[in-house]
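Below you'll find the structure, written out as structure tokens, and then a few comments.
The structure displayed is predicted, hence computed values, not measured ones.
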Amino acid sequence: MMHLSTAMDPPPLALTDAHLVAQTLAGDRHAYGQLVERYERVVKATCLATLRDHNSAADAAQDAFIAAYRSLRSLRDPANFAAWLCTIARNRSIRLTKQTRPPAAITDSIASRDPSQPDEDLLSAVAALPEHERIVVMLKYFDRHDVAAIAAMLGRPIGTITKQLSRAHERLRRALSEEKQP
Amino acid sequence: MTITELETRLASLGQALPPRDPTFAARVMDNLPAQDLIRPASIHLFIKAGLALAASLALVVALWSLLITTPEPAFAIAELPERVRQLNTLHMVGLRFPVDNSPPRPLEYFVRQPSDFRVNGSLGFLSGTGNPVHLSSVSDIVSTADEMTHLEHLSHSASIRGQSLEQAQAGATRQLNELVDMLFGPWSDYHKLRDETLGGRMLQVYECRPTAQTRSVVWVSPQNGLPVQIEHYSTAANTPERLEMRITKIAINEPIDDDVFHPATPPGYKLTRLPPLSDADVYGGASINGYQLLIRYVARTPSGEIVICWAVHNRHHNSTTQENLFAPNGPIRISFTSAFGNSLQERLVRLGTTKDGYTWRWSVLHQSQPEQNATIHHRIDLANGGGNAYGDEIAAKLDRREFDLVQRQTLPASVEPMSVEQFEAAAK
């Protein structure tokens, strides 16, 4: 049967997460390496939002990737890999926080923000987004992927990604304006 | 803040984060476990060959059944609840009929394994007296991997609270189990009523009795053995049976849009952000004169025993200390009974105080005569005859993951969780 692609289909820029998960489960460790490279910054940012320390975040991220690999067979929906991975990363970070001292602030305040330091309020707001929106925002702004590439990775229509992105924008604007209020 | 300003801030945040570390992926790969995640190829081939053989046999049997014998269902009707529990996604739409004969109210139910569910409307259970629950609220509860949102449409309020993935997964499993038990009962007997054409499809209609007061009529597809329509009836004391709920759409394993699990808070609703779900949160319980029975967990094991984790909170001392509460001259008496009024005997297996100060009792509620019912009544009587309070819980099918999780939450950190089998053995 001929496949008719539509304008809303994700373009074939990259293998989808589901593909890479399937290849990993079939024994291809290199495929998992691609997933690690794809989500390195996303997972580190997720950990940083909780741990507020770059070194701890890097360690927690590494730990999360290894834990995800061990449990990969339990992932019911491979297309949901990114959200599942980030949940693991966040849970491990929260556990680490409880085991160690309370997280320190990365910056003092919005007013005194050092441009070379992460914007803590924004990072927290991103971390509080619903999981699918959070992944899309992180891939777009932290890893600078365009919408088409994100759609290809996540195996979702471009329209869905655009919708999630605009919903995330709205949530972020609301969260940041609430914080500004005294 | 404009979208452009937000995007600029997001881009700056991206730049401020550390760049990709070229050695990171290699470090992760070096630390992965040595064994592959796949089954050995020989097992793969064996499974494939087995599946092919099974498929061929199934085809031959199906053809034989069609040509030679009277058509029989290709599934076991008694396993209907189990088939529903195994679904990846479930979407049900229906109507609930209030007891006061006011207009029916819509209900919608979604489950997406492993961690998401949404209950929009009201799914009440029979109360301890056998009287149907009156609809006093119209709730929309949404639970995802990291938070639970509760929209209350009568009071125009909303709350959001964080939860862990483990809590979310346990919650989704519990919701599905409770729904299945409510609709089909844990040990239901099915009786075929008739064949019926519905929407152009020939369906088989079965009846089952989930509890003493309820009856379900289920339209089942003979092709896959899954429900297509359900009617749920209840009987209150001294009143005729009445239709309580009709489910008219049941979509199974169809993708559910993410939007379903991320509802926007309607304008004008008062939104409260609650702290993350605490390990000490409980399902509820009867309360009288400063004593409240806290039920943290109740479930039914595969062999039919009732496992319960509970405590009594004494408001006068703000504690859940057990001393005096169960002494012969103590201030209260606590009893558990089945839906039929038969006494359930508590067999204490474990007792522990957590760091938050709660003392939890892990027990088996032994049924001297096994009943086909999952409703557990509990009751507190003041020893001085000053009154009593009661409530009930549904003992849904035990989920091992949740059983393990709640043990870790309610026992001291040094105590290892027991398996279901160990627990049952210890109770004997």
Side-chain angles (χ1 to χ4, degrees), chain A residues 24-27 29-30 32-34 36-37 40-41 44-45 48 54 57-58 61-62 65-66 69-70 72-74 76-77 83-84 87-88 90-91 94 114-119 122-123 126 128 130-133 137-138 140-144 160 163-164 166-167 169-170 172-173 176-177 180, chain B residues 1-3 5-22 24-33 35-41 44 88-89 112-116 142 144-147 149 160 162 164-166 168-169 255 257-259 261-262 264-265 271 273 276:
Chain A
T24 307
L25 288 172
R29 287 163 73 98
H30 175 69
Y32 195 71
Q34 288 184 58
V36 176
E37 285 176 357
E40 175 193 333
R41 292 192 86 212
K44 281 182 179 172
L48 184 65
H54 290 298
Q62 181 175 327
F65 276 112
I66 294 167
Y69 181 82
R70 286 180 197 276
L72 200 57
R73 194 164 285 291
S74 72
R76 277 176 188 249
D77 178 6
W84 176 72
T87 307
I88 291 174
R90 202 156 68 135
N91 285 343
I94 291 169
D114 174 351
S116 67
Q117 290 294 312
D119 177 343
L122 183 56
L123 185 59
V126 170
E131 57 192 23
H132 288 101
E133 294 172 22
V137 165
M138 287 179 165
K140 177 161 170 58
Y141 296 103
F142 300 176
D143 262 0
R144 296 188 210 164
T160 303
K163 214 160 69 174
Q164 287 176 335
S166 79
R167 243 183 348 240
H169 284 152
E170 202 40 54
L172 289 173
R173 285 168 66 188
L176 294 170
S177 64
K180 269 188 177 173
Chain B
M1 181 189 294
T2 65
I3 289 286
E5 286 168 342
L6 176 66
E7 288 205 297
T8 307
R9 219 169 133 181
L10 281 164
S12 304
L13 173 59
Q15 282 172 358
L17 293 171
R20 176 169 284 127
D21 175 356
F24 181 80
R27 280 206 312 278
V28 171
M29 299 309 286
D30 286 347
N31 283 290
L32 292 184
Q35 76 276 18
D36 283 334
L37 293 167
I38 56 162
R39 301 179 186 94
H44 251 319
N88 282 324
T89 67
R112 183 169 66 181
Q113 302 275 22
S115 59
D116 304 332
V142 188
T144 59
D146 57 355
E147 66 184 19
T149 305
I160 298 177
S164 71
L165 180 63
E166 283 178 315
Q169 289 178 338
D257 196 296
D258 280 338
D259 288 354
F261 299 107
H262 298 110
T265 305
L271 175 65
R273 285 198 175 270

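Interface remark: A57(A) contributes no atoms to any contact with chain B (heavy atom separation under 4.5 Å). Using a 4.5 Å cut-off between heavy atoms, D146(B) contacts chain A through both its backbone and its side chain. For chain B, no part of Q34(A) is nearby; none of its heavy atoms comes within less than 4.5 Å. Looking at E7(B), the atoms closer than 4.5 Å to chain A (heavy atoms on both sides) sit in the backbone and in the side chain alike.
Under the 3.5 Å distance criterion, the side-chain polar atoms of Y32(A) are matched with a main-chain donor or acceptor of F65(A). Under a 3.5 Å cut-off, the side chain of E40(A) and the backbone N or O of E37(A) do not form any donor-acceptor pair.
Listed here is the closest heavy atom pair of D116(B) and A145(B): OD1-N, 3.6 Å.
For the options D259(B), T2(B), T144(B), D257(B), heavy-atom pairs under 4.5 Å to chain A are most numerous at D259(B). If you tally non-hydrogen atom pairs under 4.5 Å between each of N88(B), L6(B), V28(B), L10(B) and chain A, the highest count goes to L10(B). Interface remark: of the candidates A168(B), A11(B), P19(B), P19(B) forms the most heavy-atom pairs closer than 4.5 Å to chain A. For chain B, the option among R144(A), K140(A), Q164(A), R90(A) with the highest count of heavy-atom pairs below 4.5 Å is R90(A).
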Worked check of salt bridge (charged side-chain N to carboxylate O under 4.0 Å, His left out) between E170(A) and R167(A): CA-CA 5 Å; E170(A) 202 40 54; R167(A) 243 183 348 240; over 6 Å; no
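Cation-pi check for K44(A) over F24(B) is met; the charged atom lies under 6.0 angstrom from the ring centroid and within 45 degrees of its normal.
Classification of D258(B) and R112(B) as a salt-bridged pair holds, one side-chain N sitting under 4.0 Å from a carboxylate O.
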